[in-house]
Amino acid sequence: MLEGLNPSQREAVVHSGGPLLIVAGAGSGKTRVLTHRIAYLLGERGVHPGEVLAITFTNKAAAEMRERVEALIGPRARMMWVSTFHSACVRILRREHEHLGLPSSFTIYDADDSRRLMTQVARDLDLDVKRNPPRGLLAAVSALKNELVDHESARDAAESDREALIAEVYSVYQNRLIASRALDFDDLIMTTVNLFQAFPAVAESYRRRFRHVLVDEYQDTNQAQYVLVRELVGTSAASSPAGSGAPVTEDGPVPPAELCVVGDADQSIYAFRGATIRNILEFEADYPDAKTILLEQNYRSTQTILSAANAVIERNRGRKPKNLWTDSGQGEPIVGYVADSEHDEAAFVANEVDRLTDEGLAKPSDVAVFYRTNAQSRAFEECFIRVGLPYRVVGGVRFYERKEVKDVLAYLRALANPDDSVSLKRVINVPKRGIGDRAEAMLDALAARERISFGAAVDRADEAYGLAARSLNAVRGFAALMADLRGKVAEGAGPSEVLEAILERTGYLAELQESTDPQDESRAENLQELVAVAHEYEGAEGSEGVTGFLERVALVADADQLPDGGEGMITLMTLHTAKGLEFPVVFLTGLEEGVFPHTRALGNVQELEEERRLAYVGITRARQRLYFSRAVLRSAWGAPSYNPQSRFVEEVPQELITWEREAPAPSSTAFGTQTPALTASANKSRKTGFKSLGTSGREPVSVVPGDRVVHDTYGLGTVVAVEGRTGEHATVDFGSEGVRKLVLAFAPLQKL
DNA sequence: TCTCAACGTCCCGCC
DNA sequence: GACGTTGAGA
């Protein structure tokens, strides 16, 4: 069990007793250590698999871990719980629902459903959606939930109008969720925590059961997950020095479970969904008798790549120093390339892949292209299709996020849960059946008056005031349709059968088939695929009808069961998706201020640090060859923009980089000194409507702090301050080009 | 109530 | 550039 492990890894595997923190640098064999540890526990230490709870962040990681452990110790491994936080919570909630007065089946709302609901809430509260976009409200509500604040106390604690508003929105939103018998993603965890805190006996039973709790990617846990782990483990604070092997008696207090968490603060890239690095940084404070093991030896990358990664991440403040090292040698230098445009950038990648393949240095499947945002994949896809390079895009518009799939699933959800108003409203007029806004509003009014759900109001549409006869007929027809389908569910039809009935009887499929839009053809195919997925689910063990299918679909958001693509495919993905993976050859593209780091992070130290961690993650995915590329001119949302080089490139020691094509020297003498290619793009862009800069006839710009501007030489910047009575001077932050003070009347500056 | 076109917003990332 | 939303007109 221990062969092939270095001393630190070995120590982590065999550690027994108190809480264990494994700080695992990128490529240090973290997954290996974790799986070996579980295998060691089950093998050498004689732990029963049922006593193990391993928590990962993605279903994919969970499946992989289960597989690996099974490979080590055999089918016994199937008895342990390996799942994501969310799946584990759903399992617990379903099992303990009667404690909470929760229905045994509930609908899980994803981000899109939550946004729809929030939009309705905002509308009902007469909020100015411009000033309070649902997205922003949702983020605020999510933050509140994560702090485990109930809405009464939130309202009492509110000091500003804004806080009071959020508390109000929170309470309405939460009530709507309850009325819809739905939980959103935050609720899943928070409700479980509440359950444990409100019913100590329930918590106790899980503590008795799970004697070993392992958490992967601990740096990505949020407050709620942190508390959940504490509840599951049982606080060791007051108890004796965590007695290992102490017999668990039926009555006495349960000694804390053995907790083992693994993570790397430098790879924390999910602050946007509430993750706090604090959890990993303060682990030793939270668990005083914790043992920390540092894994710094890297088995993945060359020293050049590691040096680059170290240099970048070092710029972050307040981090614990860590130095990745390897004994596998310097390797190839990083190759840099400055492209004229995003198309040029894609062409460079394609050429380079061709060259590597021709020279036998790599297969296409060894190559990954990373970008900051999904939208950037398009340029690469176009180029790869043109030159005939096989590729696959991981992530992007996921199967379950497609409109047609969500529509049909909404039908299924509305059938399974008649109170699910969000799903019902989504499909009440899809396909068009003459139930418009007005009819919906009347039904809403009826629901409010009679204190019934929207679904019930649909069934009692005859009682609604102000419903035109034509609308009433339409609603009646819809209600009959739903009743009919519901009957099918009641007869015990499986999800695939019900889905097929939905496709047929609602006319959804017919509409797609009659359409001439070629996109609708692939939509119809997606729906067939959905039916196939349902079929497969029915065949699998432990399938639980329509409800179980819906639950699974909600939790398995990413359809990464997509065919492995086999040998010859280049992998395209965002940096976020790349975490946890490795490739011999990695292209880090779009290294431009405003792209990566993203514009929205430019003015904010915390967010910049998160971007930097993302850069660190990207760099450390590479095993042998790493490429940096950027485009001087990039068309973002239809309009061209010039972005200066990303600061992350400049943070890498320049001797590590060999530039295959360099940026034209920034010169103030306008176009004359620029490369011909650049001038050509500039001319082209002028034709496509980008106003020429730095030439005569330009009106003086007036800017305010926060404005985004483009400068002829310095590129994209953000206005920091404006001085002078009429704002003659402006201080502009051009990112890597520095902060410049400009005279607005003369500066070749344009507002974006 | 539907359709079309103009308009604005988005384009950060995920369970 | 692509989407969803909004407003006028049918």
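A note on names: the letters A, B, ... follow the listed sequences, proteins ahead of strands, and every chain is numbered from 1.
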- Task: Would you tell me if any nitrogen or oxygen in the side chain of A/Arg135 comes within less than 4.0 Å of OP1 or OP2 on B/dC11?
- Result: yes
- Check every strand shown and say whether A/Asn429 touches a base, only sugar-phosphate, or nothing at a heavy-atom separation below 4.0 Å. sugar-phosphate
- Among B/dC15, B/dG13, B/dC11, the nucleotide that comes nearest once only the side chain of A/Ala375 is considered: B/dC11
- Query: Can the positive tip of A/Arg278 be found less than 6.0 Å from the middle of the six-membered ring of A/Tyr226, inside 45° of the ring normal?
  - Reply: yes
- From B/dT1, B/dC15, B/dC11, nucleotide with atom closest to A/Asn59 side chain: B/dC15
- What is the nucleic acid contact for A/Phe57, judged by heavy atoms within less than 4.0 Å: base, sugar-phosphate only, or nothing? sugar-phosphate
- Think A/Thr373 has a side-chain N or O under 4.0 angstrom from the OP1 or OP2 of B/dG13? no
- Item | Atom-pair distance (CE on A/Met573; P on B/dC14), nearest Å | 11 Å
- Item | Gap between atoms NZ and C1', on A/Lys432 and B/dT1 respectively (whole Å) | 10 Å
- Task: Mind checking A/Arg438 for me? I need base, sugar-phosphate or nothing, with any heavy atom below 4.0 Å counting as a touch.
- Result: sugar-phosphate
- Would you list the pairs meeting side-chain hydrogen bond (donor to acceptor under 3.5 Å, both in side chains) in which at least one residue belongs to residues 184-193 of chain A, sequence neighbours left out? A/Ser142-A/Asp186, A/Lys145-A/Asp184, A/Lys145-A/Asp187, A/Tyr173-A/Asp184, A/Gln174-A/Asp187
- Please state how far atom CZ in A/Phe370 lies from atom P in B/dG13, giving the value in whole angstrom units. 15 Å
- Task: Rounded off to whole Å, could you give me the CZ-to-P distance for the A/Arg612 and B/dG13 pair?
- Result: 21 Å
- Does B/dC14 have A/Tyr270 stacked on its base, where the ring centres are within less than 5.5 Å and the planes differ by under 30°? no
- Message: Applying ring-ring contact (aromatic ring centres under 6.0 Å, His included), can you list everything that pairs with A/Phe583, at least two apart in sequence or on another chain?
- Response: none
- Message: From CZ of A/Phe185 over to C1' of B/dC14, roughly how many Å is that when rounded to an integer?
- Response: 9 Å
- Message: If I take atom NE2 in residue A/His576 and atom C1' in nucleotide B/dC14, what distance separates them, rounded to the nearest angstrom?
- Response: 9 Å
- Query: Under 3.5 Å, is there a donor-acceptor pair linking the side chains of A/Glu342 and A/Tyr371?
  - Reply: no
- Message: Can you tell me if A/Glu521 has over 12 outside heavy atoms packed within less than 6.0 Å of its CD?
- Response: no
- Across the strands shown, which category fits A/Ser635 at heavy-atom distances under 4.0 angstrom: base, sugar-phosphate, nothing? nothing
- Looking at residues at least two apart in the chain, or sitting in another chain, which of them share a ring-ring contact (aromatic ring centres under 6.0 Å, His included) with A/Phe549? A/Tyr537
- Protein-proximity profile, nucleotides 1-10 of chain C, B/S/- by nucleotide at the 4.0 Å heavy-atom cutoff, equals B---------
- Message: By nearest atom, which of the nucleotides B/dT1, B/dC15, B/dG13 is closest to the A/Thr58 side chain?
- Response: B/dC15
- Item | N/O (side chain, A/Asn374) to phosphate O (OP1/OP2, B/dC11) under 4.0 Å | no
- Task: Identify, with sequence neighbours excluded, every residue that meets ring-ring contact (aromatic ring centres under 6.0 Å, His included) alongside A/Phe628.
- Result: none
- Item | Pairwise 5' ranking along DNA chain B for A/Thr577 and A/Ala468, keeping only the more 5' one | A/Ala468
- Note on the structure: Contacts of A/Phe478 meeting ring-ring contact (aromatic ring centres under 6.0 Å, His included) (sequence neighbours excluded), chain-then-number -> none
- Find the distance A/Asp112:CG to B/dC10:P and express it as a whole number of Å. 15 Å
- Note on the structure: Whichever of A/Glu607 and A/Arg433 has the more 5' nearest nucleotide on DNA chain B, that residue is A/Arg433
- Query: Could you give the CZ-to-C1' distance, from A/Phe399 to B/dC14, as a whole number of Å?
  - Reply: 19 Å
